[in-house]
Chemist: 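Sharing a structure with you now.
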2 protein chains.
Amino acid sequence: MAVTIKDVARESGVNVSTVSRALNGEYGVHADTREHVVAVAQRLKYRPNRVARGLVTGRSHTLALVVSDIRNPFFAEVARGAEDAAYRAGYDMLLCNSDLDAEKQMRYAQSLMEKRVDGILMNSVSALSKKQQEQLSGLGVPTVLLNRTAPRSAFSTVCAENEAGGAMAAEYLLKLGHRKIAHLTGPRHHGNMTERAKGFVARLAAARQPVRPEVLHGTNDFPGGVDLARKLMAQNPDVTAIFAASDMMAFGAIRALMEAGRRIPDDVSVMGFDNVELASIVHPPLTTIHQPKYEMGQAAVEILLRLAGRGEHQAPEHRVFGVELVERQSCMERKA
Amino acid sequence: MAVTIKDVARESGVNVSTVSRALNGEYGVHADTREHVVAVAQRLKYRPNRVARGLVTGRSHTLALVVSDIRNPFFAEVARGAEDAAYRAGYDMLLCNSDLDAEKQMRYAQSLMEKRVDGILMNSVSALSKKQQEQLSGLGVPTVLLNRTAPRSAFSTVCAENEAGGAMAAEYLLKLGHRKIAHLTGPRHHGNMTERAKGFVARLAAARQPVRPEVLHGTNDFPGGVDLARKLMAQNPDVTAIFAASDMMAFGAIRALMEAGRRIPDDVSVMGFDNVELASIVHPPLTTIHQPKYEMGQAAVEILLRLAGRGEHQAPEHRVFGVELVERQSCMERKA
DNA sequence: CCTATAATCAAAAACGTTTGCAACGTTTAT
DNA sequence: ATAAACGTTGCAAACGTTTTTGATTATAGG
């Protein structure tokens, strides 16, 4: 039905191998024949079957991005950066939503390597057991982990300076004169979030007059923020500043605080982490720690492409991105 | 290197064809041999090469979603619905960001059919010329258009009741007593946005005391909303209600109004369209027209799967989803 | 006991490419 | 003049499946 390389060969009176070489711009075919073949191919509207090509070359020119949920604006931004980089290199990108579900994650991984993807960009493997992680890295397909420092594993990684970011937040809140401080974060052992907390409390503890923040664990999303903020108001009504481990949690906290009649930043200052687009849209505009999401996605596929290039020889690569505080209007000096 | 069907055949002492049938659960292989083959395959950790399979079957078990930008929360939601449906059916989904750029869109389309995707879910083809559209539909791969009523073309479509939604907004604003009304929308001839505007002005004109809204065209995003709202305040400072054709534009408008010292909803009421997650997060929570984004994505791939199932015989399918007004706190009765 | 039928499997032909190797004619070096 | 080298092309094998066809056996019926 579709026109194949054989049709082009027959029509232009040469062998299929010559057509292949001509069309792929390989060395060793006369300029005249190449020209002729190209013309015929164009006339017949020939389009190579990449599946067939993939079978013999062993490469699919396809990457995969597996995130917990593309609706999370953080991942959407990363995805865009990744896809742009892939597109530029002539690669396509599969999208997978894992919900951080271990079984789903493994099923995806299986399917992806059955399709011979050239590389996988994964959000997190924290839900996976040690054995599953080994199984994954044993698949032999280049993999880079996002927002995860895994120095000793076979995986490459791309992440932000989470710990430094936490410290920056602490520094800022301290500078504004806050002493009663809380930290709202995700589940325990959440990788990068844990790091943020670590940097935050460490910096607070290192102050001239050390402060021990209240840290509450919950789910890393809007409802989680609402929930934790309510809990906080119940048990520690006198906090004047809150640092949330993600913007979404910060939004939730703001909602809960407003509903309780607290003014922001007048009564309580709120900080986030990520700097998603909405951070500048909400009211009040959120002061937060920016991490370069787009660039991180981009960098991840660049690593992937490098890894996929050199066949077996894959020493993992690691890349960490700087963060910066972007000051908006959700924080102010503590009233005297 | 990887273990192939031949290895399984050799190891279990049968022919490859038998292995294939056994593993695919086809008729005509003895229960004992099937059992044995399955056991061997499991022991060898055999994973079928889907590229090879795709070459002979002609199906890739892959769908493609091409949207203008996955960072748009509307598309993220659609994408999630689509991907979930695809996953359930054992399909993978490619993600493409077109930026509504015609050339990029065509390049994607080419690449996708070279990879033999089984179906394409496209955001819009409005940027494409007539000729390009024909070229696209001539590709022979099932395609469903999102948010586009294209009754006469070869494409299937999934969209929301845009016109009715616009009318609902008008009705609501009218009921609140507003008479000086503006509509902020996207570029002219933007398909679904045009329909929203149409329903909106029509309903307004049909009122007992007809009102002619001010309608301004701009870009369909946050900055566009900011921009248009500023323009509006300059030329029509006395409007008391604004209906934006998308939530993102509404957010922009809110920002501009607030910066100008207008209170919402006290001074001016604002409505959006889409009901993205943020709509309930921003302050004030946005009154908007909800469209079932997740379900629309889902429905789109269901259609795609049906189309892909029956080979050539593809009569286009059309599905339109109802919308509903969700009332929050960005609108109030016009002061007497 | 022989044949018709069904069940099970093996053999081989596809699917559409890429690619190593041989063949060929022409030029260059010896 | 002959051999070597080179540039251009064809031939055929490979990639890992599915699927069609055909062969072999077992089962049953007459």
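These numbers come from the heavy atoms of this one structure, side chains and all, not from hydrogens, waters or symmetry mates.
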Chemist: Report the residue from Val14(B), Val38(B), Asn24(B) that forms a side chain to side chain contact (heavy atoms under 4.5 Å, CB included) with Val19(B).
Modeler: Val14(B)
Chemist: Answer yes if the side chains of His318(A) and Thr157(A) hold a donor-acceptor pair under 3.5 Å, and no otherwise.
Modeler: yes
Chemist: Give the rounded distance in Å between these two atoms: CG of Asn15(B) and C1' of dA23(D).
Modeler: 13 Å
Chemist: Just by distance, do the side chain of Asp118(A) and the backbone of Ser60(A) share a donor-acceptor pair under 3.5 Å?
Modeler: yes
Chemist: Among dT19(C), dT17(D), dT18(D), find the nucleotide with the atom closest to the side chain of Ser17(A).
Modeler: dT19(C)
Chemist: State the CG-CD distance between Asn123(B) and Gln105(B), to the nearest 0.5 angstrom.
Modeler: 7.5 Å
Chemist: Which whole-number value in Å describes the distance from Leu23(B) CG to dG16(D) C1'?
Modeler: 13 Å
Chemist: Name the closest nucleotide to the Arg53(A) side chain, picking from dT17(D), dA11(C), dT18(C).
Modeler: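 Ranking dT17(D), dA11(C), dT18(C) by closest atom to the Arg53(A) side chain puts dT18(C) first.
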Chemist: If you look at every strand shown and take non-hydrogen atoms under 4.0 Å, does Thr4(B) touch a base, only sugar-phosphate, or nothing?
Modeler: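 Sugar-phosphate: the residue Thr4(B), judged by heavy atoms under 4.0 Å, touches backbone atoms but no base.
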Chemist: Starting at the 5' end of DNA chain C and moving along, which residue's nearest nucleotide shows up first, Arg47(A) or His30(B)?
Modeler: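 First, find each residue's nearest nucleotide; the 5'-ward one identifies His30(B).
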Chemist: In whole Å, I'd like the distance from the CG atom of Asn49(B) to the P atom of dT18(D).
Modeler: 10 Å
Chemist: Distance check needed: dT17(C) P versus Glu114(B) CD, whole Å only.
Modeler: 10 Å
Chemist: Between Arg50(B) and Gly28(A), which is nearer to the 5' end of DNA chain D once each is assigned its nearest nucleotide?
Modeler: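 With Gly28(A) and Arg50(B) compared, the 5'-side residue is Gly28(A).
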Chemist: Both Val19(B) and Leu55(A) contact DNA chain D. Which one's nearest nucleotide lies toward the 5' end?
Modeler: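 It is Leu55(A), whose closest nucleotide lies nearer the 5' terminus.
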Chemist: Under 4.0 angstrom, heavy atoms only, what part of the nucleic acid is Arg59(B) near: base, sugar-phosphate, or nothing?
Modeler: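 Arg59(B): no heavy atom of the nucleic acid under 4.0 Å.
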Chemist: Within the structure shown, what part of the strands sits under 4.0 Å from Arg116(B) by heavy-atom distance: base, sugar-phosphate, or nothing?
Modeler: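 No contact at all - Arg116(B) keeps every heavy atom at 4.0 Å or more from the nucleic acid.
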Chemist: At 4.0 Å (heavy atoms only), tell me whether Ser20(A) reaches a base, stays on the sugar-phosphate, or touches nothing.
Modeler: base
Chemist: Send over the distance from Glu26(A) CD to dG10(D) C1', rounded to a whole Å.
Modeler: 15 Å
Chemist: For a side-chain contact (heavy atoms from CB on, under 4.5 Å) check, start with the C-alpha distance between Val117(A) and Leu94(A), then their side-chain angles and the critical distance, and finish with the verdict.
Modeler: CA-CA 9 Å; Val117(A) 298; Leu94(A) 285 169; 4.0 Å; yes
Chemist: What contact category does Val51(B) fall into here, base, sugar-phosphate, or nothing, at under 4.0 angstrom with non-hydrogen atoms?
Modeler: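 Answer is nothing: Val51(B) stays at 4.0 Å or more from every strand.
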Chemist: What's the NZ-C1' distance between Lys6(B) and dA12(C), to the nearest Å?
Modeler: 12 Å
Chemist: State whether the distance check finds a donor on one side and an acceptor on the other, under 3.5 Å, for side chain Thr18(B) versus base dC9(C).
Modeler: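 Side chain to base: no pair below 3.5 Å.
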Chemist: Looking only at side-chain atoms of Pro48(B), point me to the closest of dT17(D), dC11(D), dT19(D).
Modeler: dT17(D)
Chemist: Just the rounded figure in Å: distance from C1' of dT18(D) to NE2 of His61(B).
Modeler: 13 Å
Chemist: Ignoring the backbone of Ile5(B), work out which of dT8(D), dT18(C), dT17(D) is nearest its side chain.
Modeler: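 The closest nucleotide is dT17(D).
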Chemist: May I ask you to decide if the ring planes of Tyr87(A) and Tyr108(B) are parallel, tilted or perpendicular, using 30° and 60° as cut-offs?
Modeler: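 Ring orientation of Tyr87(A) relative to Tyr108(B): tilted.
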Chemist: Look at all strands and tell whether Arg21(A) reaches a base, only sugar-phosphate, or nothing, counting heavy atoms closer than 4.0 Å.
Modeler: base
Chemist: How close or far is atom C1' of dT20(D) from atom OH of Tyr27(B), stated in whole angstroms?
Modeler: 17 Å
